[in-house]
Every structure is written in C-alpha cells, then in structure tokens.
Amino acid sequence: MQIPYEVEERPDTGVYNAKLGIWLFLASEIMLFGGLFSAYIFLRLGAPEGSWPDHILWDLPGLINTAILILSSVTVVLSYIYVKLGDFNKFRICMIITLVSAVAFMGIKSFEYNGKFKHFGAFMKDTSKPQGYGEQITGHVIGDLSDYDDKDYILVAADSRQPIDWLSARELKKQSPAHQQQAAELAALGEDAHDAHPGPVFNHPGIIATGDKYKPKSWEHKIKVALGKEKHKEHDVFKVMKDQIFRQSMFTPGYNAYFAIYFTMTGLHALHVIGGALVLGYFCFFDHKRFFTNRKHFANRIEVGGLFWHFVDLVWIFLFPILYLL
Amino acid sequence: MSEEVTHTEHDDSHEIEHLKSHIKFYWIIFWALIVGTILTVGVPYLIHFENHTYNVILGLAIATVKATLVSLFFMHLSAEKKLIYGMIALAVFGAIALFILTALAYWDHSLSYYW
C-alpha cells in the first residue's frame, strides 16, 4: 500500500506527512525536556545554600562535544542541500561526517561517565547540622574500595579543589595556616591573594591527613596537568574514618541531586544521539538507492532525520551551560 | 510547450543558485554558533561578576541566541507552514505549564514537609 503524501504536500496541512509527524514528535520532546529542565531549576533552587556543586564538571570535554554537535548540525543540513542538488558523493561525505561526529560525541561522553563512576565522595557526620552531615571529601580511593572491607578507614587521594563546599567550610579553609601563608606569599609578589590554593584542608575529625602524596592515574588528571588547569600534580592522601561517614558513594546518580539530574538529562540526550545516528546511518548506507529512484522522497527523509538531529543539538546547547558552566 | 520547458529550466537553475547560496550561509551560522560557545565558556574567566546570577543570565542569553539560530536556519523555521508554528507554540505552552505546575508545588507550604 502506498503511504499517502510522503512526497507531495498534503493540501490541508501544507506539509508532507512525515514532516507533520516529526514536528508532532518534537513537540512532545519539547515538553519532555522542558519538564526535566524544570526539575533542574527547582532542584537547584531547593538545594541548601552553598551545597549546589559549582563547576564540578571539567568543561573541556563538554566544550569539544558542543563543537562536535554544532559541526554535525551543519553537515546534516548540508547533506540535505546536496540531495536537493543531486550530488550523491557530497551528500554521503556530509552524512558520514555527521555519523563520525555522533560516535565522537558518544566516545567523549563515555569517557566522562567513566571518570565519574571512578570518582569517590563521602559526606561526613555532623550532628550540629539539621541534615546530619557537614563536610564532604571527594577524590580517588587508593586501590579498590573492596580493599578496605576489613578496615575501619578508607584512604582517599583528595581532589586538590574540593568541588562541593559548605560555605562555612570554605570560610574556615581561608583561616588555615597553609592558606594564609600562600596568600601572603602571593600578595608579596603583587599577585592576587585570592589565587592561594594550598590544596584541600578539612576540619572534620573523621578526615585525617596522612602526609602521603598520590599521583592520580586518570587521563583527566594527566590532561589537566598538561594544560595547566591542575596545579597539584600529586594529591594529598587522607584517612577517612568509616564510622564518621554519613554516606558515601561513587559519583553515580545516587551521589547527590546534581548528579541525579546530570545523568538523567545527559543520559536521555545520549539516547537521542544514538537514535538519531541510527536513523541517519540507515538513510546513508541502506536507503541510498532511493536517491536515484525517488530523490524527492529521499530529500524529505533526510530533512525529517535532520530536523530530529538539530533538536538533539538544540537540547545540548542548553545542557552544556547549565550543567558544566553555571 | 516549448515555453513551459524554458520556464522549468529557468526555475531549476534559479533553484540551484538559491540552494548553493544556502551552503555559504550555513557555514556563517556555524561560525556564529562556535563564537557563541567560546563566549559562554570564556566570559566568566574574563569578567568577574560580583554576583553569580549575572553569569547565569548571560550564559542562558547566549544559549538562547544559539538555539534561535539553529531553529530559524537549520530547522528552516524562518519560513515554515502555519500549522508547524501552531504545534510548536502549543508544545512551548505545555512546557511552560509543566514548569508552572512544578513551581506551584514548590511554593506550596502545605507540601513543605517533603522539601
């Protein structure tokens, strides 16, 4: 049976049926992501003051992924133009660039996810706080977490910059002798004393400095050091007493509200990238005969697939600043 | 008959020129989007706002401009059928309604136990 109006425009709607279909679908997507953006806004507004992570994600992979998606958005719209111009080779080159971009995007995304799943954090007990916990330590567990099953502590190489600070903890750090000494040295050199950064200082009795140093093995750390973003090549090792831990986990969705919404939104977005790439890949490698038999229909298909792809790019344009930068 | 053929040929060459002009234009949009992205990342390093809220507003403003460029030109919304605009308007209304419903629950003190 011939599907009606897949090539020609339907007189009453003014568009071919697939275009109406994709826009109906995108309309539902606007509401789906709109709901999630609302969730993000209210989780952030509802977070206790100073507890919402600030710049916890490394922005470089996100920046590269943004550029990749923008490039793929251009190549997908160009592939549509080349179908209309009847240039099959250029169409295919553009489409293959789009697909390679999708794979690159997913590769970088999985690199980021992997880094998070290997990142450890613990909230320390604090009975003076209504929520029952106060200071937080984040970093990399030395060895494997299971190595500490029969011990009453965990050895953690703390991140040089503790990402999620309670305001009070942040202020206390400025009073630490190491911090004040470095600030004074910077001031003597005529530099900004605010740049003083002697490494993490904890005030919780359950976090004990060992004086040991540890060089993180992750690629993220190596690249950051090479780029000068990380001034501490080695991280200070702390003994975290298990009986003082309020709760602990890797940086999984269960770690805090921020990671919950981060993984939900980027995960759903990544599923869209995979879905879009599958459809565009099908057009490029399995449906390409249609280019020569019914080019107008093929152009419509590429346009519809492209509209979805642009929407995926559109969502990322908002996800990148709200999750990485702001 | 011959007149009609000439007419179509003229139309085709006109259409091809029109499409080719698009290619250059899309690359201009590409660079505009890249510049917007660099601005979003770079501005907080260059300008230190006293209040972080300004960073948030600026970041979202740039993102909105970028999203407008993508939807107007890549998604061809600069010249689309009325029906499509209607559907998008309805969807945006739906998204705002979802936001308002969440907001109402958020500011409803009878639910404060759950926050």
Side-chain angles (χ1 to χ4, degrees), chain A residues 9 12-15 19-20 23-24 26-39 41-42 45-46 54-55 59-60 62-63 66-67 69-71 73-78 80-82 84-86 90 194 303 306-307 309-311 313-315 317-322 324-326, chain B residues 15-16 19-20 22-23 26-27 29-34 36-38 40-41 43-44 48 52-53 55-60 62-71 73-76 80-85 87-103 105-106 115:
Chain A
E9 287 160 2
D12 53 353
T13 62
V15 291
K19 196 178 213 176
L20 184 70
W23 273 112
L24 272 174
L26 292 184
S28 75
E29 294 272 88
I30 290 171
M31 288 184 278
L32 171 66
F33 279 100
L36 285 169
F37 278 108
S38 303
I41 291 168
F42 288 106
L45 286 178
D54 160 36
H55 274 96
D59 51 12
L60 185 64
L63 178 66
T66 309
L69 273 195
I70 292 172
L71 173 71
S73 233
V74 181
T75 52
V76 88
V77 76
L78 288 182
Y80 167 68
I81 295 286
Y82 285 125
K84 290 196 110 179
L85 287 172
K90 281 188 176 162
H194 286 103
E303 188 183 16
L307 280 172
W309 195 256
H310 296 309
F311 180 79
D313 182 27
L314 208 73
V315 170
I317 284 175
F318 284 104
L319 282 183
F320 174 58
I322 67 163
Y324 287 76
L325 303 175
L326 304 177
Chain B
E15 169 85 358
I16 286 170
L19 287 171
K20 280 186 175 164
H22 272 166
I23 297 174
Y26 288 141
W27 282 112
I29 301 295
F30 168 78
W31 287 111
L33 291 171
I34 293 288
T37 308
I38 293 169
T40 324
V41 178
V43 162
H48 294 283
H52 185 63
T53 314
N55 272 331
V56 176
I57 292 168
L58 192 69
L60 290 181
I62 296 174
T64 309
V65 171
K66 284 166 67 188
T68 310
L69 288 178
V70 170
S71 49
F73 303 115
F74 289 170
M75 299 175 91
H76 311 126
E80 195 45 274
K81 295 289 184 305
K82 244 185 188 167
L83 180 74
I84 306 286
Y85 289 129
M87 273 160 46
I88 297 169
L90 208 60
V92 171
F93 172 79
I96 293 171
L98 286 173
F99 177 83
I100 292 172
L101 282 175
T102 324
Y106 181 74
W115 297 112

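Since this is a predicted model, take the numbers as computed values, not measurements. Below, chain A is the first sequence line, B the second, and so on; all start at residue 1.
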Out of A:A39, A:S28, A:G14, which one racks up the most heavy-atom pairs below 4.5 Å with chain B?
A:G14
Proximal component of A:F311, with respect to chain B [non-hydrogen, under 4.5 Å]
both
Please test B:I23 against A:L78 for side-chain contact (heavy atoms from CB on, under 4.5 Å), starting from the C-alpha separation and ending with a verdict.
CA-CA 7 Å; B:I23 297 174; A:L78 288 182; 3.8 Å; yes
Quick one: are B:T37 and A:L63 in side-chain contact, heavy atoms under 4.5 Å?
yes
Okay, A:L24 and chain B: the region with an atom under 4.5 Å from a heavy atom over there is both
Show the nearest heavy-atom pair for residues B:A67 and A:L314, with the distance to one decimal.
O-CD1, 3.4 Å
Indicate the atoms forming the closest heavy-atom contact of A:L85 with B:K20, along with that distance.
CD1-CG, 4.2 Å
Given side-chain contact (heavy atoms from CB on, under 4.5 Å), test B:M87 with A:L26 step by step and report yes or no.
CA-CA 9 Å; B:M87 273 160 46; A:L26 292 184; over 6 Å; no
Roughly how far, to the nearest 0.5 Å, is CG of A:L71 from CG of B:L33?
11.0 Å
How long is the span from the NZ atom in B:K66 to the CD1 atom in A:I70, to the nearest 0.5 Å?
4.5 Å
Find out whether A:V76 and B:F74 are in side-chain contact, i.e. whether some heavy atom of one side chain is under 4.5 Å from a heavy atom of the other.
no
Taking only residues two or more places apart in sequence or in another chain, which ones pass ring-ring contact (aromatic ring centres under 6.0 Å, His included) with A:F37?
none
Please report the interatomic distance CD1(B:I34) to OG1(A:T66), rounded to the nearest 0.5 Å.
8.5 Å
Can you say whether B:A103 sits under 4.5 Å from chain A via the side chain, the backbone, both, or neither, judging by heavy atoms?
both
Report the option among A:S73, A:P321, A:G62, A:G35 that has the most heavy-atom pairs separated by less than 4.5 Å from atoms of chain B.
A:S73
Residues that A:K19 engages under side-chain hydrogen bond (donor to acceptor under 3.5 Å, both in side chains), provided they are two or more places apart:
A:E303, B:E80
Please classify the contact between A:F33 and chain B as side chain, backbone, both or neither, with a heavy-atom cut-off of under 4.5 Å.
neither
side-chain contact (heavy atoms from CB on, under 4.5 Å) between B:H22 and A:V77: does it pass, once the steps are laid out?
CA-CA 10 Å; B:H22 272 166; A:V77 76; over 6 Å; no
Any idea which of B:L90, B:I84, B:V70 has the most non-hydrogen atom pairs under 4.5 angstrom with chain A?
B:I84
Within a reach of under 6.0 Å around CH2 of B:W27, are more than 12 heavy atoms found that belong to other residues, nucleotides or ligands?
yes
Region of A:L32 that comes under 4.5 Å of a non-hydrogen atom in chain B
neither
Take a 6.0 Å sphere around OH of B:Y85 and say whether it holds more than 12 heavy atoms from other residues, nucleotides or ligands.
yes
Nearest 0.5 angstrom please: B:T64 OG1 to A:I317 CD1, how far?
10.0 Å
Nearest 0.5 Å, what's the CG-CD1 distance between B:L60 and A:I322?
8.0 Å
Under a 4.5 Å cutoff for heavy-atom pairs, which residue among A:I30, A:D313, A:V315, A:I41 has the most contacts with chain B?
A:I30
For the atom pair NZ (B:K81) and CH2 (A:W23), what is the distance rounded to the nearest 0.5 Å?
13.5 Å
Identify the heavy atoms of B:A95 and A:G34 that sit nearest to each other, and give their distance.
CB-CA, 4.3 Å
